[in-house]
Protein chains: 2
Amino acid sequence: MARLPKATPGSRRISPRMPSGPSEEAFLASYDPTKFERLSVAVDVALLALDPSIGFMSLLVRRDAHPAKGAWSLPGTFVRPRESLDEAAKRVLRDKAETEDVYVEQLYTFGALDRDPRTRVISVAYYALIQRELMLQLVTPPTVDVGRVHEPFAIRIRGSQVELAFDHGEMLQTAILRVRGKLDYSPIGYELLGDRFTLFELQQLHETILGRKLNKDSFRRRMLASGQIEPTGELKERAVVLGGSAPATMELGRPAELYRAAPPPRPG
Amino acid sequence: MARLPKATPGSRRISPRMPSGPSEEAFLASYDPTKFERLSVAVDVALLALDPSIGFMSLLVRRDAHPAKGAWSLPGTFVRPRESLDEAAKRVLRDKAETEDVYVEQLYTFGALDRDPRTRVISVAYYALIQRELMLQLVTPPTVDVGRVHEPFAIRIRGSQVELAFDHGEMLQTAILRVRGKLDYSPIGYELLGDRFTLFELQQLHETILGRKLNKDSFRRRMLASGQIEPTGELKERAVVLGGSAPATMELGRPAELYRAAPPPRPG
DNA sequence: ATAATAGTGTCTCTCAGACACTATACC
DNA sequence: GGTATAGTGTCTGAGAGACACTATTAT
């Protein structure tokens with residue numbers, strides 16, 4: 001779990017003039033947790049990857065139980081009493097996407113009254129970012145599939161447009177807007193590429209996230225000056241063609257240098 | 001409630017090939033909401049105002065019951081089963097701050113295991129912005145008082161530093177960072193001023209939020225070109241001094257023109 | 001008049017965008 | 001050689017920062 005706000009140890013400072021009445025220890029020993037009505041709390045995760053020619057891709061699962069049985073939804077789970085929200089999100093990624101050590105961040109909490117037909121369910125939405133190649137390996141039917149999100153936020157699966165269960169379409173839209181908004185002021189996006197990438201690949205990533213073309217010269221200068229990336233000295237290798245004519249997508253021209261994400265600056 | 005993500009009607013599209021088994025209606029009629037363990041869900045609100053000479057101010061309440069009895073905390077409440085999260089936040093502002101029609105936005109959801117000693121409580125934190133004058137009217141002891149937040153995030157009440165109950169100090173810190181982050185790309189901040197203000201007052205507000213001095217000329221140009229404000233043609237009136245010498249804080253020099261927040265651009 | 005603040009005009013520096021040019025690959 | 005992509009050098013226009021100057025008030 002990365003880049004969540006720092007947790008500070010909870011402190012319960014008591015006033016010097018202790019008010020009269022039973023002690024806090026006695027209060028806690030006799031506390032009845034059912035005094036206030038409790039709610040179901042769920043976590044749903046939008047696992048995102050990016051393809052330059054498609055746009056955003058999100059992991060979707062097909063619901064095999066009521067409600068909305070048969071519909072597509074974001075992977076999610078109910079939060080257990082002994083796990084934190086972040087742990088629940090990680091558990092979803094582990095169980096339904098076989099994915100660990102990805103960038104995960106809390107997105108927004110959805111609490112409309114009628115968002116789940118069963119009962120009142122509060123859902124804390126998370127989003128996570130992985131590389132396109134890892135996303136494509138996750139397709140393990142029948143419970144897991146990859147949805148392709150075209151803008152403006154039409155969700156397609158293998159070409160045909162679908163509606164997600166519950167309010168998961170809104171969650172997905174919010175996640176994409178969050179990623180786009182963070183791109184300008186945050187070194188986000190490197191989780192979506194491999195550990196080595198060319199400047200043009202990075203530019204294509206930014207163009208896909210922002211939904212518009214960027215100026216090549218300016219993008220190069222800005223990225224090199226930002227300190228977010230560093231050159232490796234290596235050059236991108238070409239696919240070796242074993243005889244026959246080259247495929248239509250064969251790369252041409254001078255090979256590009258490979259860069260990697262620079263380590264964050266020392267806070268000292 | 002303003003500028004929350006748009007709610008879209010929840011849709012539960014069912015696959016054409018309906019899986020076998022009981023119908024969704026029959027499932028919902030027999031659903032047992034206690035099948036998954038439920039959690040307590042609370043809402044806490046950081047109501048913020050800004051004073052040019054102090055910095056951020058936040059409404060704090062003194063806890064009159066266990067746990068953390070006697071400690072200062074953000075106003076909050078448990079979420080009722082028949083109200084949305086936004087409604088709960090508005091109820092907190094109405095009941096504990098006698099405030100309505102303010103800018104309110106969801107902040108972050110805190111779900112650590114031990115954040116409340118009673119039982120497992122998930123807290124959805126909100127923040128709200130009001131004018132300094134309205135904040136100062138809210139001081140109605142003994143349950144309501146105004147805390148003054150100095151940076152870096154030391155919380156003072158009438159000069160002496162305090163620690164807030166639970167993880168409310170972290171919530172307050174997160175709220176201030178959110179307001180600061182939104183200042184650059186969003187027309188935020190006008191909720192913190194009256195309906196008429198001078199350019200210098202607006203600059204002081206931005207300087208307080210950002211924690212650094214801004215260039216006067218550049219700030220004027222940027223604000224006037226942004227379309228976020230419009231001139232009223234009125235001039236700021238001076239306090240009338242009824243005899244005697246002028247107070248030390250008397251305003252001097254040419255009176256400034258008053259501006260107001262411009263209406264948002266027509267989406268057509 | 002002097003002091004103090006509001007507001008304007010203009011210069012410079014920085015950076016994004018555009019374009020020309022060189023470098024290195026495959027054909 | 002031609003063509004396509006990678007990378008560099010330089011010009012230009014927009015905007016931020018700095019500074020000088022004018023405008024309007026109170027004392």
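Computed from heavy atoms alone, side chains included, the values below leave out hydrogens, waters and symmetry copies. In what follows, chains carry the letters A, B, and so on, assigned in the order in which the sequence lines appear, proteins first and then strands, with residues in each chain numbered from 1.
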To the nearest Å, how far apart are [X] [atom1] and [N] [atom2]?
| X | N | atom1 | atom2 | answer |
| --- | --- | --- | --- | --- |
| A/N215 | C/dG17 | CG | P | 5 Å |
| A/D217 | D/dA6 | CG | C1' | 11 Å |
| A/K213 | C/dA18 | NZ | P | 14 Å |
| A/L224 | D/dA6 | CG | C1' | 12 Å |
| B/R220 | D/dC21 | CZ | P | 19 Å |
| B/K236 | D/dT24 | NZ | C1' | 16 Å |
| A/M223 | D/dG7 | CE | C1' | 17 Å |
| A/L214 | C/dA18 | CG | C1' | 15 Å |

- prompt: Above 12 or not: heavy atoms from other molecules or residues under 6.0 Å from CZ of A/F219?
  reply: yes
Side chain of [X], heavy atoms from C-beta onward: which of [options] has the nearest atom to it?
| X | options | result |
| --- | --- | --- |
| A/R254 | D/dG17, C/dA6, D/dG7 | D/dG7 |
| B/P255 | C/dA6, C/dT24, D/dT24 | D/dT24 |
| A/E257 | D/dA18, D/dG7, C/dT8 | D/dG7 |

Result for 5'-nearest mapping on DNA chain C, choosing between A/K216 and A/L235, is A/K216
Taking for A/S218 and for B/T198 the nucleotide of DNA chain C with the nearest heavy atom, the one nearer the 5' end belongs to B/T198
Output for pair (B/I155 CD1, B/Q161 CD), nearest 0.5 Å, gives 8.0 Å
Heavy atoms of A/L74 and A/L59 approach each other most closely as CD2-O, 4.0 Å
- Short N-O contact, B/K90 and B/E100, less than 4.0 angstrom: no
Are B/E105 and B/K182 within salt-bridge range, i.e. N to O under 4.0 Å?
yes
Exercise. With a non-hydrogen cut-off below 4.0 angstrom, is A/R221 in contact with a base, only sugar-phosphate, or nothing?
Worked result: base
